[in-house]
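Take a look at the structure below.
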Amino acid sequence: MSQPGPVRVCGVQTDPVLAEPGANAGLICDRMAEAASKGAHLVVFPEAALTGYVFDSRDQALDGAVEAESPAVRSVRDACRELGVWTVFGAIERIRDGVGPDRTRLHNTAFLSSPSGELHRYRKVHTLCLGVDRFTTPGDEGFRVWELPFGRVGLNICYAGSFPESARALQLLGAQLIVLPTNWPDLYLKTEQIRLRALENHVNYIAVNRVGTERGVVFPGGSVAAGPRGELLAEGGSEPLSFVVEMDLLSADANRVVQTPGSYEFDYVADRRPDAYAPLRDLEPEGQPTGSRKAGD
């Protein structure tokens with residue numbers, strides 16, 4: 001059940017140090033404390049904020065990745081407990097499960113840490129031929145929405161923002177707010193993309209991008225927050241910064257828009273026609289990596 005009144009969401013553009021999760025965790029905890037002092041309920045950091053992103057080989061990525069019970073992850077969880085805030089932070093996650101020829105998998109993961117110390121996760125479904133995503137395993141747990149004390153929150157990561165199906169899946173699962181940690185290397189139409197995803201799904205949406213330069217790749221910031229009508233709520237610059245935006249999560253449940261009663265009304269959820277969408281399901285090969293990943297193999 002969403003709480004009445006606005007929810008304060010803080011987006012934090014950081015410049016993480018590649019393969020230094022301890023140092024990055026310290027920065028994350030410092031920014032969390034600042035956000036908590038501003039009354040934030042939820043603090044959002046970029047994709048791979050704990051580990052960095054531009055790894056040049058699988059071996060490098062394995063060395064720089066973290067496990068869910070690593071000291072760096074635990075320190076962020078401890079800070080959530082101390083500060084009483086929810087936090088989303090990205091990391092390259094290492095899983096030693098004995099599956100596959102290398103017995104170790106890498107996932108591009110967004111962790112959701114609670115004030116009680118619980119740790120949830122979303123593993124990146126859409127991967128591409130870029131940075132560490134060349135060496136990660138696409139997420140195998142689908143999409144999920146969490147019922148938080150202030151509303152229903154769904155997670156995507158970076159490239160998923162370019163796929164309308166990702167946001168729509170979260171909306172159909174009940175999301176009132178979609179959170180997108182990103183490592184965008186360019187901002188071409190990104191503000192418009194986020195505003196459209198918010199509008200077409202009638203949800204609140206925040207995308208938080210990193211800044212700085214990592215192995216020659218420049219990350220330009222430009223984080224975006226939008227409301228259910230696609231209204232621009234906040235837009236970040238190109239430097240490390242934090243911004244707090246107030247969102248009305250309950251407004252995302254009022255899908256029916258009435259411009260003129262009886263003559264101009266629409267509902268982007270109720271007016272869908274799944275019976276006409278068979279090509280989305282039937283014309284796609286199953287079990288294939290993305291085209292860009294195949295090209296990069």
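What you see is a predicted model; the values in this text were computed from it and never measured.
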Item to complete: Verify whether one side chain among Glu47 and Thr182 offers a donor that lies under 3.5 Å from an acceptor in the other.
Response: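 No, because no side-chain N or O of Glu47 sits under 3.5 Å from a partner of the opposite role on Thr182.
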Has the side chain of [X] got a donor or acceptor atom that lies under 3.5 Å from a matching backbone atom of [Y]?
X	Y	value
Arg94	Leu62	yes
Arg134	Gly131	yes
His41	Arg8	yes
Arg144	Leu155	no
Ser114	Glu118	yes
Tyr53	Leu130	yes
Glu214	Val17	no

Fill in: Derivation of the side chain to side chain contact (heavy atoms under 4.5 Å, CB included) call for Asn108 and Arg123
CA-CA 6 Å; Asn108 189 332; Arg123 290 172 173 164; over 6 Å; no
Practice prompt. For Glu235 and Arg195, run salt bridge (charged side-chain N to carboxylate O under 4.0 Å, His left out): C-alpha distance rounded to whole Å, both residues' side-chain angles, the deciding distance at 0.1 Å, then the answer.
Written response: CA-CA 11 Å; Glu235 194 168 17; Arg195 294 182 66 185; over 6 Å; no
Worksheet item: Would Asp133 and Lys124 satisfy salt bridge (charged side-chain N to carboxylate O under 4.0 Å, His left out), going step by step from the backbone distance to the final call?
Response: CA-CA 9 Å; Asp133 277 323; Lys124 189 173 186 177; 2.6 Å; yes
Measuring only between side-chain heavy atoms, which start at C-beta, is [X] closer than 4.5 Å to [Y]?
X	Y	answer
Ile178	Asn204	no
Pro228	Val203	no
Gln171	Asn255	yes
Gln176	Val153	no
Pro240	Val211	yes
Val179	Leu42	yes

Once you round to the nearest 0.5 Å, how far does [atom1] of [X] lie from [atom2] of [Y]?
X	Y	atom1	atom2	value
Asp56	Asp59	CG	CG	12.0 Å
Gln60	Leu18	CD	CG	7.5 Å
Leu119	Cys80	CG	SG	9.0 Å
Leu112	Leu148	CG	CG	6.0 Å
Thr136	Leu106	OG1	CG	7.5 Å
Ser57	Asp63	OG	CG	8.0 Å

Is it the case that one hydrophobic cluster holds both [X] and [Y], taking links as side-chain heavy atoms less than 4.5 Å apart, direct or via other members?
X	Y	answer
Leu128	Val54	yes
Val244	Val7	no
Phe243	Leu187	yes

Does a salt bridge link [X] with [Y], judged by any charged N lying under 4.0 Å from a carboxylate O?
X	Y	value
Glu67	Arg74	no
Glu141	Arg121	yes
Asp140	Arg105	yes
Glu34	Arg31	yes
Glu265	Arg256	yes

[X] and [Y]: which non-hydrogen atoms are nearest, and at how many Å?
X	Y	value
Gly64	Ala19	CA-CB, 4.0 Å
Val66	Pro21	CG1-CB, 3.6 Å
Gly11	Val208	CA-CG2, 3.8 Å
Arg152	Asp253	NH2-OD1, 2.6 Å
Glu200	Tyr268	O-CB, 3.4 Å
Ala25	Val76	CB-CG2, 4.3 Å

Item to complete: Check step by step if side-chain hydrogen bond (donor to acceptor under 3.5 Å, both in side chains) holds for Asn183 and Arg210.
Response: CA-CA 6 Å; Asn183 271 192; Arg210 67 161 291 179; 4.7 Å; no
Discussion item. Against Pro46, only a single residue in Thr14, Asn209, Leu180, Val12 fulfils side-chain contact (heavy atoms from CB on, under 4.5 Å); can you say which?
Written reply: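 Testing Pro46 for a side-chain contact (heavy atoms from CB on, under 4.5 Å) against Thr14, Asn209, Leu180, Val12 leaves exactly one candidate, Thr14.
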Item to complete: Go through the structure and list residues passing salt bridge (Lys or Arg N to Asp or Glu O under 4.0 Å) with Arg229, not counting sequence neighbours.
Response: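 For Arg229, no residue satisfies salt bridge (Lys or Arg N to Asp or Glu O under 4.0 Å) once neighbours in sequence are set aside.
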Item to complete: Take the angle between the ring planes of His120 and Trp86 and call it parallel below 30°, perpendicular above 60°, tilted in between.
Response: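 Correct class here is parallel.
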Worksheet item: Using 30° and 60° as the class limits, which term best fits the ring planes of Phe111 and Phe89: parallel, tilted or perpendicular?
Response: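 It falls in the tilted class, 30° to 60°.
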Worksheet item: Step by step, would you call Ile28 with Leu50 a side chain to side chain contact (heavy atoms under 4.5 Å, CB included)?
Response: CA-CA 8 Å; Ile28 288 172; Leu50 195 62; 4.0 Å; yes
Item to complete: Verify side chain to side chain contact (heavy atoms under 4.5 Å, CB included) between Phe143 and Asn156, making sure each step is shown before the conclusion.
Response: CA-CA 8 Å; Phe143 301 113; Asn156 273 170; 3.3 Å; yes
Worksheet item: After noting the C-alpha distance and the side-chain angles of His202 and Val257, does the key distance pass the side chain to side chain contact (heavy atoms under 4.5 Å, CB included) rule?
Response: CA-CA 10 Å; His202 204 262; Val257 177; 4.2 Å; yes
